[in-house]
Structures are given as C-alpha cells and as structure tokens.
A.B. asks: 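This is the structure I have questions about; it appears just below.
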Amino acid sequence: MNELIDHRLRRSWTAEAADAAQLPARAAKWLEQRIGQMAPSAAPSAELTVKIPSSNLAESAVEALSEVVESANVLVDDAARLARATGLSYLDLLRRRSADAGFPVPDAVVLPADPDEVQAVLDACVKHDVGVVPFGGGTSVVGGVAALSGEKTSVIALDLVRLDALVSVDTESRIAVLQAGVRGPEAERLLGERGLTLGHIPQSFERATIGGFAATRSAGQASSGYGRFEDMVTGVRLATPRGEWKLGVAPASAAGPDLRQLAVGSEGALGVITEVSLRVRPAPPVKRYEGYALSGWEAGAAAVRDLAQNHVLADVTRLSDVDETEVSLALNAGLKTTALRKYLAARGVRRPCFLIVGWEGTAHDVAVRRRETTRRLKALGAVRVGKALGESWRHGRFGGPRQRDMLMDRGVCVETLETATYWSTVDELRDDVRAALTASLGRAIVMCHISHAYETGASLYFTVLTARDEADPVGQWQRAKAAASEAISGLGTISHHHAVGVDHAPYLSAEIGKLGVEVLRAAKSAVDPTGILNPGKLV
Ligand SMILES: Cc1cc2nc3c(=O)[nH]c(=O)nc-3n(C[C@H](O)[C@H](O)[C@H](O)COP(=O)(O)OP(=O)(O)OC[C@H]3O[C@@H](n4cnc5c(N)ncnc54)[C@H](O)[C@@H]3O)c2cc1C
C-alpha cells in the first residue's frame, strides 16, 4: 500500500510507465531554440535522500490513534511520512529534488479502514489537539496536502487509501456509492463490472481519488458530456470533529441552500469525506474521437462558443491555441507534421489551432450528435484533420505528468495554471495572463487551451515552459505564478478545477468577498471549533 504513494514511484506517475516519456533529440533541439540553453539536472535518486525532521507526535497521541486503527496503521517512519508530505506541483517536485526537505512533513501517517474509523481518528485528534491533513491520491497542485500544522504542535496525514470499496449501486436511480479512497481506474473498473461508468477522467485519473475529486470540485476531460464532478454528486458522508454529517436525500431540494455543495469543494477544511453518492451512466459502447483545425485562436474560441450555445458540444471538446498546437506538432513524433501543415495551409489554415472532439454513447447517439457538431464546425471554417489526431490525444492524454518529469530532468521549468471566465472576457484574460507570464519569465513558451466549455464561458488552461533559473528556481516560478494570479484576479476565477489549497488562498477574498470568507470561516468553526482540519488551506 505504501508503494501506491511512494514519491519515488510517483515521480514516474505509474511504475510501469517509468521510462515511457522520452524527448526525441529533434524535439529537444527545437525546445532549446525557443527557450534558450537549459542546464540538465540529475533525476531524483531511487534512494531516500531527503533529510526530514523527526516526528513530533506525542506518545499519548500515537497510542490513542493505534487503539483506533491498530498500530500497524500508524506510520512514523521517514519514507511513509515523506511520501505524504506534498502534492505534485512543479514546486513540490522541485523541492523533492533537494537534499533537505524544504517543506513540512507530517508527524505520522494514519490509515483508517472505514468511515467509522475515520470518525474515531478525528475524535482522538480533537482530544490530543493534533492537526489532520486528509490525503487522497496526493495529486494536488495547489499545496492542498501540504503538512502544515498551523497552531498545532503536530499534524498527521490521514491517508484514505483503505477506504476502497464500492458500497452500493441503485441501478434504478443510477446512483453508486463509493468510498473516498477509490482511485479513478478502480472506480471505473468496479462500475464497469455492472455496465456503468462515472465518466470522470481528469488528467490525474490514474492516481486521484473519489474523495479528492469531491473535495476539490474536480473537472474531468469529458466534462462537457458528463459534467463536472460536483454535477455528479448526489450525496456526501463526512466525518467532522463534531460528529458525522450526511447530506443528500433527493435529486433536488428546496430545503434551504444546498449544503452538499458546501462539502464539495471543502478541501478537507470542513470534514473528511468518507463516502460519495454519485450519478452514474450506462458504460458507452462507442467512443469516437477526432481532430479539427481552425485558423487562429479567435476563430477556434468562437467555434467552441457556438457549439456550447447551440447545445452541440461533444463530450470532450478541447481547443489548443497556436502555441500549444505548435508544441504538439514539434514534440509529437507520431503525427506526419510536414504533410499536415501543407494540407492545412492549402485549406487556408496557416496558424492552426487543434480542436479535439470526442463523443461517447450508443452507436446511434454518437452518430446523431457527431453529425450535428461536425455540421456546425464545418460551417465555422474548421478543417477536419481526422481520427488519428483524436485518437493520438486520447491515448496520450495521461502522458503530461511523465513528460513533465523528463523535462525537469533536462533543466526546464514546466508548470500549468488555470482559470475560467465568461465568453466576453475570454480573449482579454488569455492575453493578460500570457503577458504577465512572459513579462515575469522572459524567454518562455506560454500555451493555452480551452478544455471545459459552458454556454456562458470557458476554462483557460496555461502550460508554461522556460529554462530553469538554476540560481533561484523556486523564486522564478513563485514570481511568475504571482504575476499570473494578479492578472486573473478580478477578470476570472482563481481556479476552475485545481482548487484553492495554499497557493490560491491569498486571492480568495478578491473573488468571494471578505463576507464570503467570513461565511466559510463561520462554517469551519461550526464543524471544526478547535481548527484541527487541514490547517492553512482554503480559509
Ligand atoms: C498531472 C496532474 C493533472 C491534473 N489534472 C487535473 C484535471 O484534469 N482535472 C482536475 O480537476 N484536477 C486535475 N489535477 C489536480 C488534482 O488531481 C485534483 O485536484 C484531484 O481532484 C485531487 O484528488 P486527490 O485524490 O489526489 O486529492 P489530494 O491531492 O490527496 O487532495 C486534494 C485536496 O483535497 C483534500 N482531500 C483529499 N481527500 C479528501 C477527503 N476524502 N475528504 C476531505 N478532503 C480530502 C486534501 O486535503 C487536499 O486539500 C491534476 C493534477 C496533476 C498532478
């Protein structure tokens, strides 16, 4: 079980794919021409080289926790604690490459087996005044699982990996109840055995958990078809320092504000999600993915808006800007790029923006919906590239994290950030974020895509590549991220799906108002009066 979240394996995302990501020499040369000379660094060692402080958890607390979960499930060894010390942001990975842990490490890892044990662990932590960081897949990129102790003298990582069951399925209502620690692939396997699917496939699917998806209001790549994770949640079971809280008795309700939506997105600060009731759908027998190209970002964004506002979005709708398209042409050895460029230029697409569209469902459903989407796309000037592009994206869609490790080994600063805004400000926000990142980083490739579209607006997801500043690599990215966040603040949301965590907390009140922050703090003090839950996150 420890292997599942060991950072040495996590570095390669999945153990079996450790060497899958390679940068062809041609691509490396292209990259160096764009961002300048890079200074390769050694890949992190497979040995445990990071020095970490010893555990500060009082013996009485260890004993109390051991009574709840048995002593074998209270881990105080360095490897176990280090494995749950951070998430997977660029800064997390960067800090893990140095010899001294420049980040807080939990004093123990506690592994409860079921919701009742989670509740009993919280009760013991209240009694011993120990901070608790709920830990799902540990894929947070905003510091959500950072082992901050706040005002407490010790903090545990509450790892939910043993809560791994499909609890029940109500086929008539199409609702499945899953425990919080079930990872994406296992959820699909368990549901697939019953002919069902959740359809929630974020890029972190391989490692992230049901509890983590709910706690962060995650959005999967097929959100246009299946909805965001919060759209799927029909009920939540939470353990809190004040006792258990269950929410969700009907598909819709006018019994006051929807408190399920307070639990969803609560980032471990208002309770530990132990079970989630989820709307499920019949597993689709047909999946069809294909690619189109549009000439320039404005034409591409206008096409996605047209599809959204005419209710003909494909389940997956993903538009890359010119830079992201250029990079995928340069780095993707699988596509016959020269021929493709000529083909597109001959059809008037000189600055191509790739659009991936994917439909899932019955053969009839896919055929009908595909016809409608593609009819509109052609009318909007989109040129069909074909199935190869769609399938190449579908098969490579979990490759990003592996490529990131490999780029970091080569001396590249590589990170992503995201936001969302209304259609009327999509272009302005994109321009402002790009300008802020470029002004801060100098020579950099700043790519952007839309991967989640709505009638009223869209998400914007940025990927940045620049040569790492070896003198101050942490400061280099912190300054760029702050500049981008300032540009976002006021025009869009500080996070469309990565959540608040530590990194976005300074920008929350600009978005929801001081009163909004007070409302969240009041909710927190109601469920967590002594402040043991996830100190320093969200509010
Ligand atoms: C390479 C990569 C790609 C990603 N792609 C996407 C994407 O496509 N879409 C997307 O939405 N996100 C994406 N993310 C972000 C991240 O995967 C999501 O935020 C995910 O929902 C986190 O799930 P997790 O189980 O890993 O949670 P963790 O990282 O373990 O925790 C995230 C936060 O939730 C809290 N938490 C976890 N479990 C519980 C629980 N049971 N109860 C209460 N609180 C809990 C934690 O304390 C923390 O604050 C990506 C991350 C990476 C590294």
Side-chain angles (χ1 to χ4, degrees), residues 4-5 10-11 13-14 83-84 86-90 92-93 106 112 115 118 122 131-148 155-161 163 178-184 187 200-223 228-230 236-240 263-276 316 318 397-405 414-418 449 451-452 459 461 463 495-505 528 533-538:
L4 272 177
I5 25 123
R10 258 211 262 158
R11 183 191 162 265
W13 203 243
T14 52
R84 283 82 166 184
T86 72
L88 290 175
S89 69
Y90 167 69
D92 289 334
L93 299 180
V118 174
L122 288 195
V132 177
V133 180
F135 191 99
T139 65
S140 172
V141 285
V142 292
V145 291
L148 302 177
V155 63
I156 60 161
L158 182 63
D159 191 329
L160 296 148
V161 67
L163 275 76
L178 283 154
Q179 285 189 328
V182 180
R183 280 159 211 273
H200 186 71
I201 318 285
Q203 198 193 33
S204 54
F205 171 75
E206 293 167 289
R207 306 207 69 89
T209 61
I210 293 295
F213 294 147
T216 59
R217 300 178 80 85
S218 168
Q221 291 165 334
S223 67
R228 292 166 58 92
F229 200 75
E230 71 259 25
V236 187
R237 184 174 173 188
L238 277 171
T240 83
V264 176
S266 58
E267 301 187 34
L270 301 180
V272 181
I273 296 164
T274 54
E275 286 179 4
V276 189
V316 169
R318 188 182 192 284
R397 64 180 163 167
F398 303 128
R402 299 183 188 101
Q403 271 192 340
R404 183 171 63 158
D405 288 335
V414 44
E415 183 55 309
T416 62
L417 55 92
E418 42 81 59
H449 69 246
S451 47
H452 308 275
S459 69
Y461 189 97
T463 306
S495 176
H496 171 265
H497 58 263
H498 282 168
V500 177
V502 175
D503 297 0
H504 295 148
D528 181 23
L533 288 174
N534 221 359
K537 320 296 164 44
L538 186 63

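We count ligands from 1, going down the list as the structure has it; atoms in each ligand are counted the same way.
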A.B. asks: Between Glu275 and Ile210, is a side chain to side chain contact (heavy atoms under 4.5 Å, CB included) present by the stated rule, with each step listed?
C.D. replies: CA-CA 8 Å; Glu275 286 179 4; Ile210 293 295; over 6 Å; no
A.B. asks: What I want to know is whether Ile273 and ligand 1 share at least one N or O pair that is separated by under 3.5 angstrom.
C.D. replies: yes
A.B. asks: Select the closest option to atom 9 (N) of ligand 1 among Ala219, Ser218, Gly212, judged by heavy-atom distance.
C.D. replies: Ala219
A.B. asks: Is any N or O atom of Gln221, backbone or side chain, closer than 3.5 Å to an N or O atom of ligand 1?
C.D. replies: no
A.B. asks: Does ligand 1 have an atom that lies less than 4.0 angstrom from a heavy atom of Lys537?
C.D. replies: no
A.B. asks: So, regarding Ala208 and ligand 1 (criterion: nitrogen or oxygen to nitrogen or oxygen, under 3.5 Å), is there a contact or not?
C.D. replies: no
A.B. asks: Does even one non-hydrogen atom of Gly271 get within less than 4.0 Å of ligand 1?
C.D. replies: yes
A.B. asks: By number and element, which atoms of ligand 1 are closer than 4.0 Å to a non-hydrogen atom of Ala215?
C.D. replies: 34 (O), 35 (C), 36 (N), 44 (N), 45 (C)
A.B. asks: By salt bridge (Lys or Arg N to Asp or Glu O under 4.0 Å), which residues pair with Glu267, not counting sequence neighbours?
C.D. replies: none
A.B. asks: Heavy-atom contacts with Ala180 under 4.0 Å: which atoms of ligand 1 show up? List them by number with element.
C.D. replies: 41 (N)
A.B. asks: Counting only heavy atoms, which portion of Thr274 has something under 4.0 Å from ligand 1: side chain, backbone, both, or neither?
C.D. replies: neither
A.B. asks: Are side-chain heavy atoms of Val133 and Val155 found at a separation under 4.5 Å?
C.D. replies: yes
A.B. asks: At under 4.0 Å between heavy atoms, which part of Pro134 makes contact with ligand 1: side chain, backbone, both or neither?
C.D. replies: both
A.B. asks: So which bit of Thr209 gets within less than 4.0 Å of ligand 1, heavy atoms only: side chain, backbone, both or neither?
C.D. replies: both
A.B. asks: As an exercise, identify every atom of ligand 1 less than 4.0 angstrom from a heavy atom of Phe213.
C.D. replies: 21 (O)
A.B. asks: Restricting to non-hydrogen atoms, name the atom on Ala263 and the atom on Val236 that form the minimum distance, rounded to 0.1 Å.
C.D. replies: CB-CG1, 4.2 Å
A.B. asks: If the cut-off is 4.0 Å to any non-hydrogen atom of Gly268, which atoms of ligand 1 fall inside it?
C.D. replies: 43 (C), 44 (N)
A.B. asks: Please determine whether side chain to side chain contact (heavy atoms under 4.5 Å, CB included) holds for the pair His452 and Arg318, giving the CA-CA distance in whole Å, both sets of side-chain angles, and the decisive distance to 0.1 Å.
C.D. replies: CA-CA 7 Å; His452 308 275; Arg318 188 182 192 284; over 6 Å; no
A.B. asks: Distance-only, no hydrogens or angles: does the Asp528 side chain make a donor-acceptor pair with backbone N or O of Leu533 under 3.5 Å?
C.D. replies: yes
A.B. asks: Evaluate the side-chain proximity of Leu163 to Thr274: yes if any heavy-atom separation is below 4.5 Å, no if none is.
C.D. replies: yes
A.B. asks: Under 4.0 Å, heavy-atom basis, I'd like to know which part of Leu160 is in contact with ligand 1: side chain, backbone, both or neither.
C.D. replies: side chain
A.B. asks: If we only consider heavy atoms of Gly138, is any one of them less than 4.0 Å away from an atom in ligand 1?
C.D. replies: yes
A.B. asks: Under the side chain to side chain contact (heavy atoms under 4.5 Å, CB included) rule, what do Arg84 and Val145 come out as? Steps first, then yes or no, please.
C.D. replies: CA-CA 8 Å; Arg84 283 82 166 184; Val145 291; over 6 Å; no
A.B. asks: About how many Å separate OG of Ser204 and CZ of Phe398, when rounded to the nearest 0.5 Å?
C.D. replies: 9.0 Å
A.B. asks: For residues Pro535 and Val132, report the shortest heavy-atom separation together with the two atoms involved.
C.D. replies: CD-O, 4.2 Å
A.B. asks: Where does Pro401 meet ligand 1, judged by heavy-atom distances below 4.0 Å: at the side chain, the backbone, both, or neither?
C.D. replies: side chain
A.B. asks: Atom 33 (C) of ligand 1: which of Ile201, Thr216, Asp159 has the nearest heavy atom?
C.D. replies: Thr216
A.B. asks: So, does Gly87 sit close enough to ligand 1 that a heavy atom of it is under 4.0 Å from the ligand?
C.D. replies: no
A.B. asks: For Arg217 and His498, what are the C-alpha separation, side-chain angles and deciding distance, and is it a side chain to side chain donor-acceptor pair (under 3.5 Å)?
C.D. replies: CA-CA 8 Å; Arg217 300 178 80 85; His498 282 168; over 6 Å; no
A.B. asks: Which of the numbered atoms in ligand 1 are under 4.0 angstrom from any heavy atom belonging to Leu88?
C.D. replies: 53 (C)
A.B. asks: Test your reading of the model: is there a side-chain donor-acceptor pair from Glu418 to the backbone of His497, 3.5 Å cut-off?
C.D. replies: yes
A.B. asks: Decide side chain to side chain donor-acceptor pair (under 3.5 Å) for Arg397 and Gln221; before the verdict, give the C-alpha distance in whole Å, the side-chain angles of both, and the deciding distance to 0.1 Å.
C.D. replies: CA-CA 9 Å; Arg397 64 180 163 167; Gln221 291 165 334; 3.2 Å; yes
A.B. asks: The criterion is ring-ring contact (aromatic ring centres under 6.0 Å, His included); which residues satisfy it with His449, sequence neighbours excluded?
C.D. replies: Tyr461
A.B. asks: For ligand 1, which atoms have a heavy atom of Val141 less than 4.0 angstrom away?
C.D. replies: 51 (C), 52 (C), 53 (C)
A.B. asks: Decide whether an N or O pair under 3.5 Å exists between Gly144 and ligand 1.
C.D. replies: yes
A.B. asks: Return a yes/no value for Ser204: is any of its N or O atoms, backbone included, closer than 3.5 angstrom to an N or O of ligand 1?
C.D. replies: yes
A.B. asks: Give yes if a backbone or side-chain nitrogen or oxygen of Val133 is under 3.5 Å from a nitrogen or oxygen of ligand 1, and no if not.
C.D. replies: no
